[in-house]
Protein chains: 2
Amino acid sequence: MTVAQPPKRARTRARIAAQALDLFDRQGYEETTVAQIASAAGVTEMTVFRHFPTKERLVLDDPYDPVIAAAISAQPRALAPLARTARGLRRAWQDLPEPDGEQVRRRVRVVARSQSLRASAWRNNADTEQIIAEQLRGDGVGALPARVAASAALAALMTALYEWAEHDDIPLSDVVLAALTTLDSGDA
Amino acid sequence: MTVAQPPKRARTRARIAAQALDLFDRQGYEETTVAQIASAAGVTEMTVFRHFPTKERLVLDDPYDPVIAAAISAQPRALAPLARTARGLRRAWQDLPEPDGEQVRRRVRVVARSQSLRASAWRNNADTEQIIAEQLRGDGVGALPARVAASAALAALMTALYEWAEHDDIPLSDVVLAALTTLDSGDA
DNA sequence: TGCCGAATGTTATCGGCTAACATTTTGCTG
DNA sequence: CAGCAAAATGTTAGCCGATAACATTCGGCA
């Protein structure tokens with residue numbers, strides 16, 4: 001067993017993540033202790049940290065960056081930076097698979113309800129923001145407008161997600177679309 | 001001594017804040033320990049926490065909310081939510097006193113350089129964001145567009161501040177104006 | 001089966017933060 | 001100016017998240 005990760009590690013990791021999400025959703029993020037999560041998953045605190053570098057990471061993850069950058073780059077350069085970013089994000093969103101409902105919603109809701117987690121989510125977005133900004137700059141936008149457009153667009157997106165998570169009846173795509181339209185009223 | 005706060009408390013508080021800013025600026029936020037701050041201020045750790053509820057609050061403060069809400073409300077309702085917010089913020093900014101340079105710049109720079117502080121700054125903004133959003137809603141904007149516009153505008157503002165803090169030569173008002181113009185290209 | 005390395009457990013420690021209680025300082029009042 | 005109550009600070013103890021060093025168990029393949 002020298003190379004690819006065996007199933008055991010993955011199973012433990014999944015167990016921990018599941019128990020964590022469960023506890024977070026039921027009692028709140030701050031109110032849940034890593035020790036609780038560990039014992040719920042039949043594991044030691046130490047093991048939790050070996051699978052997830054921080055408590056936040058039990059909830060926050062993000063693999064979307066490349067898709068987003070590409071979609072933004074594909075937008076016409078004639079557009080204003082913000083419009084280009086908004087349309088790029090809209091496009092990227094369409095290309096992404098609609099996530100499987102309830103699971104994601106619970107996750108987002110946990111984040112939405114913890115001030116500290118929302119803050120951390122922002123830190124998580126810093127990477128994405130930088131990638132967007134760099135993409136814009138490479139396409140001829142100045143440094144400040146690039147960063148501004150990127151951060152504003154991401155803020156809008158996050159806000160949309162949080163709003164969605166708290167209202168069971170709205171489809172995700174509608175909310176995201178509406179948010180991005182608030183940034184850039186033009187049609188795609 | 002039953003009523004108004006005597007000068008001593010204020011002096012101690014100021015001493016702590018000053019030493020903290022100094023240490024943060026020189027060695028970074030994460031790298032500075034509350035114990036260090038305390039001892040630099042000739043005081044106990046406990047006392048630091050009695051003056052500032054958390055370490056973050058040694059850097060982050062914000063008294064601007066009311067001005068902002070008023071300025072946004074004064075904008076014409078015919079405008080799109082984002083445009084109204086951007087122009088309101090621009091207006092509020094003009095009404096505020098230009099802060100006294102270096103002191104503020106150091107503070108912002110400390111925040112800009114710490115991912116975790118930037119994240120916390122966002123949490124700090126949550127109040128302002130809500131106030132802006134409520135103002136917009138009261139003026140006839142839907143819930144989602146209101147929140148989206150508020151968060152996007154604030155994100156833009158913060159980004160401008162960070163950019164400014166890292167470049168000694170640019171005047172603050174220029175950066176802020178440029179950022180808000182990226183959101184809403186129309187003239188005021 | 002026996003072995004090697006991966007996965008987990010132990011123990012100790014650090015930094016931010018809180019609570020309960022003791023002590024000093026402050027500045028007014030007599 | 002003496003004395004007193006409240007305010008300000010100190011002391012001690014502890015919780016929680018996180019990290020490090022070292023020991024132990026487990027899992028699968030030769």
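Note on naming: letters A, B, ... go to the chains in the order of the sequence lines (proteins, then strands), and numbering restarts at 1 for each one. Reckoned from all heavy atoms, side chains included, excluding hydrogens, waters and symmetry mates.
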Q: Could you pull out all residues at least two apart from A:Ala18 that satisfy side chain to side chain contact (heavy atoms under 4.5 Å, CB included)?
A: none

Q | Euclidean distance, atom CD1 of residue B:Ile16 to atom C1' of D:dG10 [Å, nearest integer] | A | 13 Å

(Q) Can you list, by chain and residue number, the hydrophobic cluster partners of B:Trp122 when the side-chain cut-off is 4.5 Å? (A) A:Trp122

**Q.** Any pair counted as side chain to side chain donor-acceptor pair (under 3.5 Å), so long as it reaches residues 145-157 of chain B, sequence neighbours left out
**A.** A:Thr159-B:Ser151, A:Glu163-B:Arg147

Q.
If you compare every side-chain N and O of A:Thr47 against the phosphate oxygens of C:dA7 (OP1, OP2), does one of them come in below 4.0 Å?
A. no

Q. Once you round it to whole Å, what is the distance between P of C:dT8 and CZ of A:Phe52?
A. 11 Å

Q: Determine which pairs satisfy ring pair (Phe, Tyr, Trp, His ring centres under 6.0 Å) with at least one residue from residues 31-55 of chain A, sequence neighbours left out, and list them in order.
A: none

Q.
Below the 4.0 Å mark, does C:dT8 have OP1 or OP2 next to a side-chain nitrogen or oxygen of A:His51?
A. yes

Q. Sequence neighbours excluded, which residues qualify as side chain to side chain donor-acceptor pair (under 3.5 Å) partners of A:Thr182?
A. none

**Q.** side chain to side chain contact (heavy atoms under 4.5 Å, CB included) partners for B:Ala119, two or more places apart
**A.** A:Ala119, A:Arg123

Q. Of the residues in residues 113-121 of chain B, which ones touch DNA chain D at a heavy-atom distance under 4.0 Å?
A. none

**Q.** Side-chain N,O (A:Thr12) to OP1/OP2 (C:dA7) below 4.0 Å
**A.** no

Q: Look only at the side chain of B:Trp164 and the backbone of B:Val176, and say whether a donor-acceptor pair between them is shorter than 3.5 Å.
A: no

Q: Could you check how far CZ of A:Arg9 sits from P of D:dG28, rounded to whole Å?
A: 15 Å

Q: Sequence neighbours left out, what pairs pass ring pair (Phe, Tyr, Trp, His ring centres under 6.0 Å) with at least one residue falling in residues 9-48 of chain A?
A: A:Phe24-A:Tyr29

Q. Just by protein heavy atoms under 4.0 Å, how would nucleotides 12-25 of chain D read 5' to 3' in B, S and -?
A. ----SSBBB-----

**Q.** Interatomic distance, B:Leu23 CG vs C:dG15 C1' [rounded to whole Å]
**A.** 15 Å

